[in-house]
Colleague: 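Got a structure for you, questions after.
Here the structure is a predicted model, which is why all the values come from computation and not from measurement.
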Amino acid sequence: IEQKWAKSSEILALTFTEKAAAEMETRVDELNPYGYTDMWISTFHAFGDRFLRDYAIKLGLPANFKVLTAIEQAIFMRQNIYAFDLHYFRPIADPLSHIQELLTHFSRLKDELISPEDYLHFAEEKNRVAKTEEEKIEAEKTQELANAYNRYQELMIQSGNLDFGDQIYLTYKLIKENFPVQKECRERFKYLLVDEFQDTNYAQNELVKL
């Protein structure tokens, strides 16, 4: 910025914690006499949140969508547990016992950029090739998980809710699939700075590459 090589609005700086983002803002503020008001300095999740609010309409989301905390997610699952048609993962003795494991599983799927459609296809293929009784039971469990993941995403979007995984997953999905948005993004952010880059997970790394 000082050498006039870039405008502050062309720089996207990403990190992993609010503390690190605040420290970056302070350093930039001290270095840049013009301040950093139009520069994007934030955590990956805060970037995703800001980005999705700008483009919410393209994903069929309300602009005032809510990002649920882990506790709010568990409550949401509990309130909608009978909408998931669970058998293996809703034991009669304790129907709510697997909620946290399911949410953790869904979060990991998003970290790997696995869409509900991808997971359903994987489950269908597993069912198709299953031959032994053990393989068939395992395939049924996978199908149940895939159906639950798909239903979870549907219910969350319908309710105007997202979770932390969505902030990266849906940002990537929108930029990847919507070429006008992708073009606009690449023209806007010409310089990407990533603090502690080695700590990125798969979804964050793919988002940066994209």
Side-chain angles (χ1 to χ4, degrees), residues 14 16 44-45 47-49 51-62 65-68 70 72-74 76-77 80-90 98-132 134-183 185-186 194 199-210:
L14 298 169
F16 294 89
F44 273 92
H45 288 91
F47 164 73
D49 188 81
F51 184 86
L52 291 174
R53 290 187 193 282
D54 283 353
Y55 293 100
I57 194 168
K58 295 185 184 297
L59 286 163
L61 288 167
F65 63 77
K66 182 179 181 182
V67 180
L68 302 187
E72 288 171 332
Q73 279 178 266
F76 181 84
M77 280 285 290
N80 292 281
I81 194 69
Y82 294 103
F84 289 93
D85 193 25
L86 298 172
H87 171 62
Y88 291 104
F89 299 98
R90 186 168 58 83
H98 288 307
I99 282 179
Q100 196 50 58
E101 287 84 354
L102 286 168
L103 289 171
T104 299
H105 188 59
F106 300 160
S107 177
R108 286 176 181 162
L109 290 166
K110 290 173 187 179
D111 285 346
E112 295 295 320
L113 296 178
I114 296 170
S115 70
E117 294 76 21
D118 292 336
Y119 202 17
L120 285 168
H121 179 72
F122 171 74
E124 287 162 8
E125 184 61 20
K126 202 164 182 176
N127 268 305
R128 191 182 67 81
V129 300
K131 298 216 171 22
T132 67
E134 191 176 311
E135 287 174 347
K136 287 176 182 176
I137 290 172
E138 194 58 36
E140 285 173 7
K141 287 181 178 179
T142 302
Q143 185 71 59
E144 188 168 301
L145 285 171
N147 291 341
Y149 180 42
N150 185 58
R151 189 73 182 122
Y152 172 77
Q153 282 300 96
E154 287 177 349
L155 288 170
M156 286 282 280
I157 297 288
Q158 286 168 12
S159 304
N161 295 324
L162 300 184
D163 58 33
F164 288 113
D166 286 322
Q167 290 177 316
I168 307 297
Y169 168 72
L170 290 179
T171 297
Y172 174 85
K173 181 179 167 68
L174 180 59
I175 297 173
K176 176 81 171 174
E177 297 176 0
N178 190 306
F179 291 109
V181 171
Q182 186 182 116
K183 184 172 182 288
C185 230
R186 288 175 172 172
V194 183
D199 291 337
T200 55
N201 63 26
Y202 179 74
Q204 291 161 342
N205 184 48
E206 291 301 301
L207 178 60
V208 170
K209 283 164 59 180
L210 184 62

Colleague: Who pairs with Tyr172 by ring-ring contact (aromatic ring centres under 6.0 Å, His included), at least two apart in sequence or on another chain?
Modeller: none
Colleague: Could you tell me whether Glu101 atom CD has more than 12 heavy atoms of other residues or ligands within 6.0 Å of it?
Modeller: yes
Colleague: Over 60° means perpendicular and under 30° means parallel, so tell me whether Tyr119 and His105 are parallel, tilted or perpendicular.
Modeller: tilted
Colleague: Got a second to check how far Leu52's CG is from Leu59's CG, nearest 0.5 Å?
Modeller: 6.0 Å
Colleague: Holding to side-chain contact (heavy atoms from CB on, under 4.5 Å), I want the full list of residues that pass it with Ile137, two or more places apart in sequence or in another chain.
Modeller: Tyr88, Glu133, Lys141
Colleague: To the nearest 0.5 angstrom, please state how far the CD1 atom of Ile157 sits from the CG atom of Leu170.
Modeller: 5.5 Å
Colleague: Ignoring hydrogens, what is the shortest heavy-atom contact between Gln204 and Ile168? Give both atom names and the distance.
Modeller: N-CG2, 4.1 Å
Colleague: What residues form a side chain to side chain donor-acceptor pair (under 3.5 Å) with Glu177, not counting sequence neighbours?
Modeller: Lys173
Colleague: Look up atom CG in Leu109 and atom CZ in Phe122, then write down how far apart they are to the nearest 0.5 Å.
Modeller: 10.0 Å
Colleague: Of all the heavy-atom pairs spanning Pro62 and Ala56, show the shortest one and how long it is.
Modeller: O-CB, 3.9 Å
Colleague: List for me each residue that meets ring-ring contact (aromatic ring centres under 6.0 Å, His included) alongside Phe44, sequence neighbours excluded, and say none if there are none.
Modeller: Phe16
Colleague: State which residues pass side-chain contact (heavy atoms from CB on, under 4.5 Å) with Asn147; sequence neighbours excluded, sorted by chain then number.
Modeller: Leu120, Gln143
Colleague: Measure the shortest side-chain to side-chain distance between Met156 and Phe106 over non-hydrogen atoms and say whether it is less than 4.5 angstrom.
Modeller: no
Colleague: Which atom names give the shortest non-hydrogen contact between Asp163 and Lys110, and what distance separates them?
Modeller: OD2-NZ, 2.7 Å
Colleague: Answer yes or no: is there a side-chain heavy-atom contact under 4.5 Å between Leu86 and Leu102?
Modeller: yes
Colleague: What residues, two or more places apart in sequence or in another chain, satisfy salt bridge (Lys or Arg N to Asp or Glu O under 4.0 Å) together with Lys126?
Modeller: none
Colleague: Looking at Tyr202 and Asp111, what are the two nearest heavy atoms and their distance?
Modeller: CB-O, 3.6 Å
Colleague: Using modelled atom types and a 3.5 Å cut-off, is there a donor and acceptor pairing between side-chain atoms of Asn178 and backbone atoms of Leu174?
Modeller: no
Colleague: State which residues pass salt bridge (Lys or Arg N to Asp or Glu O under 4.0 Å) with Arg151; sequence neighbours excluded, sorted by chain then number.
Modeller: Glu154
Colleague: Are Phe47 and Leu207 close enough, and set up right, to give a side-chain contact (heavy atoms from CB on, under 4.5 Å), and what steps lead you there?
Modeller: CA-CA 11 Å; Phe47 164 73; Leu207 178 60; 4.2 Å; yes
Colleague: Can you tell if the side chain of Arg128 reaches within under 4.5 Å of the side chain of Glu124, non-hydrogen atoms only?
Modeller: no
Colleague: Would you say the side chain of Glu125 lies within less than 4.5 Å of the side chain of Val129, judging by non-hydrogen atoms?
Modeller: yes
Colleague: Suppose we screen for ring-ring contact (aromatic ring centres under 6.0 Å, His included). Which residues come up paired with Phe164, at least two apart in sequence or across chains?
Modeller: none
Colleague: If you round to the nearest 0.5 Å, how far is CD of Glu140 from CG of Leu145?
Modeller: 12.0 Å
Colleague: Using salt bridge (Lys or Arg N to Asp or Glu O under 4.0 Å) as the criterion, list what pairs up with Lys136, not counting sequence neighbours.
Modeller: none
Colleague: With a 6.0 Å cut-off (strictly less than), is the heavy-atom count around CZ of Arg108, excluding the residue itself, greater than 12?
Modeller: no
Colleague: Checking Lys209 now: which residues fulfil side-chain contact (heavy atoms from CB on, under 4.5 Å) with it, not counting sequence neighbours?
Modeller: Asn205, Glu206
Colleague: Glu144 and Asp85: side-chain contact (heavy atoms from CB on, under 4.5 Å), yes or no, with the steps?
Modeller: CA-CA 8 Å; Glu144 188 168 301; Asp85 193 25; over 6 Å; no
Colleague: If I compare all heavy atoms of Lys131 with all of Glu135, which pair ends up nearest, and what's the gap?
Modeller: N-OE1, 2.8 Å
Colleague: Is there a side-chain contact between Val181 and Phe51, using heavy atoms and a 4.5 Å cut-off?
Modeller: yes
Colleague: Within a strict 4.5 Å, meaning less than it, do heavy atoms of the Thr171 and Asp166 side chains meet?
Modeller: no
Colleague: Considering residues at least two apart in sequence or located in another chain, which fulfil the ring-ring contact (aromatic ring centres under 6.0 Å, His included) criterion with His121?
Modeller: none
Colleague: Could you tell me which residues satisfy side-chain contact (heavy atoms from CB on, under 4.5 Å) with Lys66, sequence neighbours excluded, listed by chain and number?
Modeller: Leu68, Glu72, Asn161
Colleague: Are His98 and Phe84 near enough that their ring centres are under 6.0 Å apart?
Modeller: no
Colleague: Between Pro116 and Tyr149, which heavy-atom pair has the shortest distance, and what is it?
Modeller: N-CE2, 3.5 Å
